[in-house]
Number of protein chains: 2
Amino acid sequence: MLNSYSSADKVLLAVDCIIFGFDNDGLKILLIQRDFEPEKGKWSLIGGFLKRDEVLDAAATRILNTYTGLNDIYMEQLHAYSEIDRDPVERTISVSYFALINIENHNAELIQNYHAEWFPINDAPNLIFDHNEMVQNAIKRLRYKTSVKPIGFELLPEKFTMRQLLELYEAILSKELDKRNFISKINSLEILNKLEEKDMQSSRKGSYLYTFNKEKYEEKLLNNFVLNL
Amino acid sequence: MLNSYSSADKVLLAVDCIIFGFDNDGLKILLIQRDFEPEKGKWSLIGGFLKRDEVLDAAATRILNTYTGLNDIYMEQLHAYSEIDRDPVERTISVSYFALINIENHNAELIQNYHAEWFPINDAPNLIFDHNEMVQNAIKRLRYKTSVKPIGFELLPEKFTMRQLLELYEAILSKELDKRNFISKINSLEILNKLEEKDMQSSRKGSYLYTFNKEKYEEKLLNNFVLNL
DNA sequence: TTATGTAAGTGTAAAATCTACATTAATAAA
DNA sequence: TTTATTAATGTAGATTTTACACTTACATAA
């Protein structure tokens, strides 16, 4: 009968995580060398199976933590992938999640048994199964998100310069942005605190450091804004 | 062991369909009275279980067809819902899909055994499980989509008036739009054919009918455009 | 101490887009 | 032929977006 629960097929449900990070070399994703068959040794997204007593969001968090030691990372669901043979061992539907993290803040945690490794998004190895497709879709979503949320603060150190922010957005959107227009658009959001302090690494003159003003940000979020860069 | 396939839990995977339609009374969704337990007789989205040899997109199409006779409806995946007790019988993860259809074109098919029924989105019955939430999220997505794709053509008859198109967008966005500005923005997309023919139903003067120019539309889609209404 | 090189910081004018708004036109029905 | 009803149409002002170049601050080297 069409709708009896008992006759319905059960499947494995997996979660795969696309973790974006940013440092001075640009936008990166976190990959691992798969430590079990099939495709053992090949590069892969961080992933695992959903447990019976677990919601998908929790599974994503747990899996990320297992492989990287990372905690309290906000992740967002993206898409369910269900091609019949996407996993050759057994029928497995996978739900992708993505997150943004600050590479420097988390490097310590990442040096673990499962050697997770950062790769530039434009120079990553070929991935197993349909993981390449998952990554491409995640990049699309990330780009879209720049226009409706001021993302990027997760990806930068606590104190950052305008140049760093600019370069982050350029990396995400993969296009050049006009420096002055970018700064005035960001300033018009009024979600940054300009510090007295300067970063002296980048130039003789030094450039002002900013922090992200979380309260004003939360305020902004209530009235959905749009940021056209 | 963490990653053995054999020890991983299997779950039921369902698909639920949010079908939007439009007629002179506004924007509607298609619901059915559930014909099996639990919650038999209550209103529900059209849904069913994924089969072992089926991809999610195909399941969505099959399920819609089973309950409504509708064919060749393009559906889009939205989100996976995984709360532990969302279905009281058994752990079931559900992936929602949404579609837009033209009510008048399809009314005949809908008069079937499973009495599917249209409800205005603002005056629909309470739904089982987490289906209310699914609908709300689908409405959000539909609104978003108006700004990046000229949707709505699926929802209207082949020949339609500007007023119908305007009212459709007003229903989706649930706000009033300025008629002249709307028309000029739509015209600037250059995806409509203005016919010689007029619709004489609505007024003494009659209003020009339009059709949707599919070729120009496909062309437009290549360069992602934005439509701010 | 002075000169030099480097990236930071800053404003504006022109163009494009968006918004608000009211009158005339066409026709059927009375 | 008058009347009533909805369709069709354009523009000026406001706002937003874009393109663009010079000065400033400071460390380093001469």
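Keep in mind that what you see is a predicted model, and the values were worked out from it rather than measured. Atoms considered below: every heavy atom in the structure, side chains included; atoms not considered: hydrogens, waters and symmetry mates. Throughout, protein chains are lettered first and strands after them, A, B, ... in sequence-line order, and every chain is numbered starting at 1.
- As rounded to whole Å, 19 Å separates atom P of C:dA8 from atom CD of A:E196.
- Note on B:N181: every side-chain N or O is 4.0 Å or more away from OP1 and OP2 of C:dA20.
- Between the CZ atom of B:F182 and the P atom of C:dA20 there is a distance of 16 Å, rounded to whole Å.
- Contacts between residues 166-179 of chain A and DNA chain C, defined by a heavy-atom separation under 4.0 Å, are made by A:K179.
- Straight-line distance from the CD atom of B:Q201 to the C1' atom of C:dA26: 17 Å, rounded to whole Å.
- Under a cut-off of 6.0 angstrom, the local environment of OH in A:Y208 is sparse, with at most 12 non-hydrogen atoms contributed by other residues, nucleotides or ligands.
- For A:K205 and C:dA8, a side-chain-to-base donor-acceptor distance below 3.5 Å is present, hydrogens and geometry of angles not being considered.
- The separation between A:Q164 atom CD and C:dG9 atom P is 12 Å, rounded to whole Å.
- We find that CE of B:M200 is positioned 8 Å from C1' of C:dA26, with the value rounded to whole Å.
- Along DNA chain D, the stretch of nucleotides lying under 4.0 Å from any heavy atom of chain A spans, 5' to 3', D:dT17 to D:dT28.
- Using bins of under 30°, 30° to 60° and over 60° for the plane-to-plane angle, the ring pair A:F212/A:F153 lands in the parallel bin.
- We find that CD1 of A:I183 is positioned 9 Å from P of C:dA8, with the value rounded to whole Å.
- With hydrogens and angles ignored, the 3.5 Å screen pairs no side-chain donor or acceptor of B:R86 with any backbone N or O of B:I93.
- Going from atom CG of B:N187 over to atom P of C:dT17 covers 16 Å, rounded to whole Å.
- Heavy atoms from other residues, nucleotides or ligands lying under 6.0 Å from NZ of A:K140 number 12 at most.
- At distances below 3.5 Å, not a single donor-acceptor pair connects side-chain atoms of B:E167 with backbone N or O atoms of B:Q164.
- Judged purely by atom type and a 3.5 angstrom limit, B:N132 uses its side chain to pair as donor or acceptor with the backbone of B:L127.
- At a threshold of 4.5 Å between non-hydrogen side-chain atoms, the residues A:Y97 and A:L56 count as touching.
- A donor-acceptor pair under 3.5 Å is formed between the side chain of B:S184 and the backbone N or O of B:N181.
- Ring planes of A:F119 and A:W43: perpendicular class, angle over 60° (limits at 30 and 60°).
- The residue among A:R204 and A:R180 whose nearest nucleotide of DNA chain D is located toward the 5' end is A:R180.
- If you measure from atom CG of A:L195 to atom P of C:dG9, you get 12 Å, rounded to the nearest angstrom.
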